[in-house]
Number of protein chains: 2
Amino acid sequence: MTVSRSIRNPDQVSDTLRDRIRAALDELGYIPNRAPDILSKSKSHAIGVLLPSLTNQVFAEVIRGVESVLEPEGYQTMLAHFGYSKEVEEKRIETLLSYNVDALIISDSVHTPKAQKMLENAGVPVIEIMDSTSSSPLHIIGIDNCAAARDMTQTMLDRGHRNIVFFAARMDTRTLQKIKGYQQAMAQNGLKTVVKETEKASSFSLGAQFLDEILQEHPETDGIICTNDDLAIGAIYACQKRNIRVPEQIGMAGFHGLDIARAMIPLLATVITPREEIGRLAAKNIIQCLNGQPPQMQTVQLDYKIECGESIRSNK
Amino acid sequence: MTVSRSIRNPDQVSDTLRDRIRAALDELGYIPNRAPDILSKSKSHAIGVLLPSLTNQVFAEVIRGVESVLEPEGYQTMLAHFGYSKEVEEKRIETLLSYNVDALIISDSVHTPKAQKMLENAGVPVIEIMDSTSSSPLHIIGIDNCAAARDMTQTMLDRGHRNIVFFAARMDTRTLQKIKGYQQAMAQNGLKTVVKETEKASSFSLGAQFLDEILQEHPETDGIICTNDDLAIGAIYACQKRNIRVPEQIGMAGFHGLDIARAMIPLLATVITPREEIGRLAAKNIIQCLNGQPPQMQTVQLDYKIECGESIRSNK
DNA sequence: TGTGGTAATGTTAACGTTAACAGAACAAAA
DNA sequence: TTTTGTTCTGTTAACGTTAACATTACCACA
């Protein structure tokens, strides 16, 4: 007990003893065991973060935002990912809760029934991030992906692109929202829609592959809007290979505003999303909950920004 | 106890009772608590993976390799990262061990003295990954970064590049090894070396910035070898902006062979590294250790592949 | 010398699960 | 009916830490 005290409340232990204890701990290389404390208090001082993928640059930045807040507060981030599979997500939720995480940050609104139930009964704060249009009863922090895609499509339409195609990849909630926004904008202008989709994750090479395919299937295509920057960039490379001029022949727009999109040639048209801010806000919200203050708002909707770059036609 | 048994050894419980128990668990949304088991057995069935960064694509693929092996074996991956700071690394090692991870995968050979001691006394298998030339006493799985950089430099020299500069970023062990290899190759050809470095992480925009700077500082530069593909790609964009022809005026080589490097124009010269394989092998090794079989080899050195692409001059 | 008070150290129980053992229930054979 | 054996269910203790309470040590002052 005295040892425990000399670590937690050093001033309650006499100087001599404290020094002897510290020396002994150093010599032994003692590392406190968190299991008993977690067991007796059901508090792990760890926050679970459950994301679809770590490979996706977008989520890496969300994590950075989360940790920038949790770290100074003394909370450990416990990362898990589920590869866009609802079944794996269910398992991950169970695992995180079984480790007694003090709160959970998740990134999708559609779950298996069992997962849904676990989230409801978790007994710890749960926050859903990324898409603000979600209908889930949880606290939500994100952007309006539907509106963002609609805006971007309208921007391309305004600049003379007509036969615009949507490149999707993994069909998660957010991508479905983007497709909806794209379809709304096209419908408003009386144009028909074409969506390329796959079960595979988005990547540069998938973008290139999609471009090759769409030229076969819809040679009239003069604009493409992608669910992620990497698809758009891969597609631009494929255009360059085939001597298709971007944006004159085909306009190209991405989503998220990754570092490369803002360094490449032509500069990519893209929707800049506040990924790090989403992570930061989610973490702040959780800290508030854990400190007993109920968060003010059910849903926090952040702004996105349409960046026109050089890969869509310029405004006449 | 019967409940516990009906979960772990269902056939030891009568059918009726098992069904009643299952119904009750379902209704309650019961999630087993791992803390007591961790406490009493000092086994968490979780493996700690400690990487410098999650933002770096390279490590995302290592993680995929690790999980592809651990997941089917029923082990949970517990990810942590330390942003290239040895002090943070020390804290992370302590945290992971305090959660009773059953083994540790780390990715650097230089640690604080305290971290070093913790690793020695961890009482669980520790494997160091990424660089096989490490002098640490741990089990090591990686590639020879020094030889890889030397080979790539020599390849560029063979193809007529002379004033080759090295673009580094975060100065971790691996980057230092690459610089060493570059310097060896240059010295063998009686050429002088120039290394650009920074504390910042590598990125596309950093590559562009480095290129602008090197043109000022060393206008005679006719070749660049980078510690990571993103630097090289950023530098190529900067060249395109300035109408510098790659590879005619400046040859450019990256490291790792990321997806984009193999889709872009010009195809990037790069060293293709077996990142996923490193993760897989490390995980397999750990499973072996945990099953009581001592692993065969102290150090496993994997092969890399020099990919010449189109961003260095072609062989005459 | 004793008394009162404070500072320092010690004791106990609790957290939830499971291994190991103990006991009960039941069926088949004597 | 009792005995034997098997199948099922119950009891206990252990894991390491810390909150809460209990005790001891020490010093100042009467």
Side-chain angles (χ1 to χ4, degrees), chain A residues 1-46 48 74-76 78 91 93-103 118 121-124 290 292, chain B residues 1-46 48 74-76 78 91 93-103 118 121-124 290 292:
Chain A
M1 191 54 220
T2 303
V3 172
S4 170
R5 232 177 333 237
S6 88
I7 296 172
R8 302 236 151 209
N9 304 77
D11 48 329
Q12 284 180 25
V13 176
S14 70
D15 294 1
T16 23
L17 195 52
R18 190 171 58 238
D19 291 348
R20 274 177 58 209
I21 289 172
R22 187 162 304 164
L25 294 183
D26 277 358
E27 196 190 323
L28 292 168
Y30 171 78
I31 296 173
N33 184 350
R34 303 187 87 136
D37 204 38
I38 297 175
L39 175 56
S40 65
K41 310 228 177 44
S42 300
K43 289 235 154 61
S44 59
H45 260 236
Y75 283 92
Q76 165 76 8
M78 206 157 161
K91 274 168 61 181
I93 292 173
E94 176 158 1
T95 302
L96 286 172
L97 290 175
S98 77
Y99 280 110
N100 293 274
V101 289
D102 295 349
M118 286 193 286
N121 300 344
V124 296
L290 294 177
Chain B
M1 189 56 218
T2 303
V3 173
S4 171
R5 231 177 334 235
S6 88
I7 295 172
R8 302 236 152 209
N9 303 78
D11 47 330
Q12 285 181 24
V13 175
S14 70
D15 293 1
T16 24
L17 194 52
R18 190 171 58 237
D19 290 348
R20 274 177 59 209
I21 289 173
R22 188 163 303 165
L25 294 184
D26 278 357
E27 196 189 324
L28 292 169
Y30 171 79
I31 296 173
N33 184 351
R34 304 188 87 135
D37 204 38
I38 296 175
L39 175 56
S40 64
K41 310 230 176 45
S42 301
K43 290 235 154 63
S44 58
H45 259 234
Y75 283 92
Q76 165 76 8
M78 205 158 163
K91 275 168 59 182
I93 292 173
E94 176 158 0
T95 302
L96 287 172
L97 290 176
S98 77
Y99 280 110
N100 293 274
V101 290
D102 295 349
M118 285 193 288
N121 300 343
V124 296
L290 293 177

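Numbers restart at 1 for each chain; the letters A, B, ... are given by sequence-line order, proteins then strands.
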So, is [X] near the phosphate of [N], with a side-chain N or O under 4.0 Å from OP1 or OP2?
X     : N      : value
A:S14 : C:dT9  : yes
B:S4  : C:dT17 : no
A:S40 : D:dA19 : no
A:Y30 : D:dG16 : no

Between [N] ([atom2]) and [X] ([atom1]): distance, integer Å:
X     : N      : atom1 : atom2 : answer
B:D37 : D:dC15 : CG    : P     : 14 Å
A:R18 : C:dA7  : CZ    : P     : 14 Å
B:R34 : D:dC15 : CZ    : P     : 21 Å
A:L39 : D:dA14 : CG    : C1'   : 12 Å
B:I38 : D:dA14 : CD1   : C1'   : 16 Å
A:Q12 : D:dA20 : CD    : P     : 12 Å
A:R8  : D:dA20 : CZ    : C1'   : 16 Å
A:L25 : D:dT17 : CG    : C1'   : 14 Å

In Å, rounded to the nearest 0.5 Å, how long is the span from [atom1] of [X] to [atom2] of [Y]?
X     : Y      : atom1 : atom2 : answer
A:H45 : A:D102 : NE2   : CG    : 6.0 Å
A:S6  : A:R20  : OG    : CZ    : 11.5 Å
B:R5  : B:L17  : CZ    : CG    : 10.0 Å

From the options [options], select the nucleotide whose nearest atom is closest to the side chain of [X].
X     : options                : result
B:L17 : C:dT18, D:dT9, D:dC15  : D:dT9
B:K41 : D:dG16, C:dT9, C:dT18  : C:dT18
A:N33 : D:dG10, C:dG16, D:dG16 : D:dG16
A:M1  : D:dT18, C:dT9, C:dC15  : D:dT18

DNA chain C: B:A35 or B:R5, which has the more 5' nearest nucleotide?
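Nearest nucleotide further toward 5': that of B:A35.
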
Return whichever of A:I7 or B:D15 has its heavy-atom-nearest nucleotide of DNA chain D closer to the 5' end.
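Of the two residues, B:D15 wins.
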
Could you walk me through whether B:R18 and B:D15 pass salt bridge (charged side-chain N to carboxylate O under 4.0 Å, His left out), step by step?
CA-CA 5 Å; B:R18 190 171 58 237; B:D15 293 1; 3.1 Å; yes

Closest heavy-atom pair and its distance - B:V13, B:T2:
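Smallest interatomic distance, heavy atoms only, reads CG2-O, 4.0 Å.
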
